[in-house]
2 protein chains.
Amino acid sequence: MTDPPEPGRRAGRASRPDGRRSGRRGGDSGTREAILAAARARFGDLGYDRATIRDIAADAGVDPALVHHFYGKKESLFVAAMRLPVNPLEILDAALAPGARDESRGLGEHLLRIVLGVWDVAEMRATFLGMLRSATTSEQAAAMLREFATGTILSRIAGLAQESAPDGAADAEYRAALVASQVLGLALTRYVLEIDALKQVSADDLAAAIGPTLDRYLSGELR
Amino acid sequence: MTDPPEPGRRAGRASRPDGRRSGRRGGDSGTREAILAAARARFGDLGYDRATIRDIAADAGVDPALVHHFYGKKESLFVAAMRLPVNPLEILDAALAPGARDESRGLGEHLLRIVLGVWDVAEMRATFLGMLRSATTSEQAAAMLREFATGTILSRIAGLAQESAPDGAADAEYRAALVASQVLGLALTRYVLEIDALKQVSADDLAAAIGPTLDRYLSGELR
């Protein structure tokens, strides 16, 4: 795979300390690493919302256009900087794409089949453990993850609720948060606590059992 | 409140290192601390299931009857040793006592109102953070918490499912684990990640919204 032509790169902190000009491939990977390191520092210090691509680029000594060129939007830069084994937003977007759902299944079951399918093969236990460890050890890390989840994943789920709930936009964020409470609780009990009765069940059976919960949170009566 | 007469205490590691006989009150609290320290060590090393009151008593240099006298059953000793601000089993047992439920509410809503009522006032954020931090940092701690939760809380919930589910005993443990996935996910998102949309809602509204989920997991159709 060849990259498209690069926008200009600024001289700066990303240049090699020994002053040698590196070859294109080595230079790319050095620049990418500098961007990711700057991103981790900025996201960690300021949280997801307040960190900007402009500042991250300045810290890495490159042009903001180069950051966009390598990593696209802020949300994908975050996923790369946190070294998530999969991009949750790409998975969610693919799951919600027109025609992605077998109409015999409810939306909740469909989403859970996809999420569990990815989690079961990816190193989700390690990733989920790492994120929870950060969130439980540092208030700052918890805030960063909350902002990322709220601004990206939950806002897409809220969009779904908005389309389908009887009261529309009014409580879309609340509905999305209820969905998160069930989905994250499933990750916690199946992958971290490893409760036997949940570990032994197939992803498809779990999706069928829990799917209607998500459907009700998204579009059903809440009281 | 005066304690009932004590069973005999063995001489042993719990006696004061300076050899002085301490007064009854000081002696009690020293012995209690020795028992709790021995319990924490045994539970940590062996997990909840394999740690025995007999071994904990031996480590603390006291008679097993004294451990029972101070702490009752193994499950209450665990709660005391882990310094939980509330005893989840007492709360659950009280919630399930005959007449405890207002019959206008479903069982799931009733349980959630009680659980959220306790969590909202107790230092649940600190406690839940501490437990999650242990579970995500140490495989051993995760196993210990899983065994405790499975052997005590989940087995009581499984008992409920057994009474009410259409297929009775067959999948009671699975049903209880589904309940745990939602309840722990709510604790994670409301108290640890502190997602705004969940923090702002009253315990009663949350219980009404999530209660039907627990009812379905306990006794409804799962697919």
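Computed from heavy atoms alone, side chains included, the values below leave out hydrogens, waters and symmetry copies. If you're wondering where the values come from, they're calculated on a predicted model, not measured in any experiment. Throughout, protein chains are lettered first and strands after them, A, B, ... in sequence-line order, and every chain is numbered starting at 1.
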Problem set entry | Side chains of D28(B) and T31(B), donor plus acceptor under 3.5 Å | no
Exercise. Under the 3.5 angstrom rule, does the side chain of Y217(B) hit a backbone N or O of P212(B) as a donor-acceptor pair?
Worked result: no
Seminar exercise, completed: Note: vs chain A, highest number of non-hydrogen pairs under 4.5 angstrom among A143(B), G211(B), A208(B), A187(B) is A208(B)
For this session: Fit a plane to each ring of Y48(B) and F148(B), take the angle between them on a 0 to 90° scale, and name the class: parallel (under 30°), tilted (30 to 60°) or perpendicular (over 60°).
Result: perpendicular
For this session: Count the heavy-atom pairs under 4.5 Å between each of L129(B), L184(B), T213(B) and chain A, then report the option with the highest count.
Result: T213(B)
Seminar exercise, completed: Applying a strict 4.5 Å limit to non-hydrogen atoms, the region of V183(A) in contact with chain B is neither
Exercise. Side chain, backbone, both or neither: which part of T189(B) has a heavy atom under 4.5 Å from chain A?
Worked result: side chain
Exercise. Do R32(B) and F70(B) meet the cation-pi criteria used here (NZ or CZ under 6.0 Å from the six-membered ring centre, within 45° of the axis)?
Worked result: yes
Problem set entry | Derivation and outcome, salt bridge (Lys or Arg N to Asp or Glu O under 4.0 Å), residues E139(B) and R146(B) | CA-CA 10 Å; E139(B) 190 75 46; R146(B) 173 177 61 242; 5.5 Å; no
For this session: Can you tell which part of R216(A) gets under 4.5 Å to a heavy atom of chain B, answering side chain, backbone, both or neither?
Result: side chain
Exercise. Among D120(B), L198(B), L112(B), which residue meets the side chain to side chain contact (heavy atoms under 4.5 Å, CB included) test with L206(B)?
Worked result: L198(B)
Problem set entry | Per-residue contact mode, S181(A) against chain B (heavy atom under 4.5 angstrom) | both
Problem set entry | Structural part of Q200(A) lying under 4.5 Å from a heavy atom of chain B | neither
Problem set entry | Among T150(B), L193(B), L186(B), D196(B), residue most engaged with chain A (heavy-atom pairs, under 4.5 Å) | L193(B)
Seminar exercise, completed: With chain B, the option among L145(A), L154(A), D205(A) that has the most non-hydrogen atom pairs under 4.5 Å is D205(A)
Exercise. Between A176(B), G130(B), A197(B), A135(B), which has the largest tally of heavy atom pairs under 4.5 Å with chain A?
Worked result: A197(B)
Exercise. H110(A) side chain to D102(A) main-chain N or O, any donor-acceptor pair under 3.5 Å?
Worked result: no
Seminar exercise, completed: The interface call for L188(A) against chain B, heavy-atom contacts under 4.5 Å, is side chain
Exercise. What is the ring orientation for W119(A) with F128(A), classed by angle as parallel under 30°, tilted 30 to 60°, or perpendicular over 60°?
Worked result: tilted
For this session: Check each atom of I210(A) against the heavy atoms of chain B and say whether the ones under 4.5 Å are side chain, backbone, both or neither.
Result: both
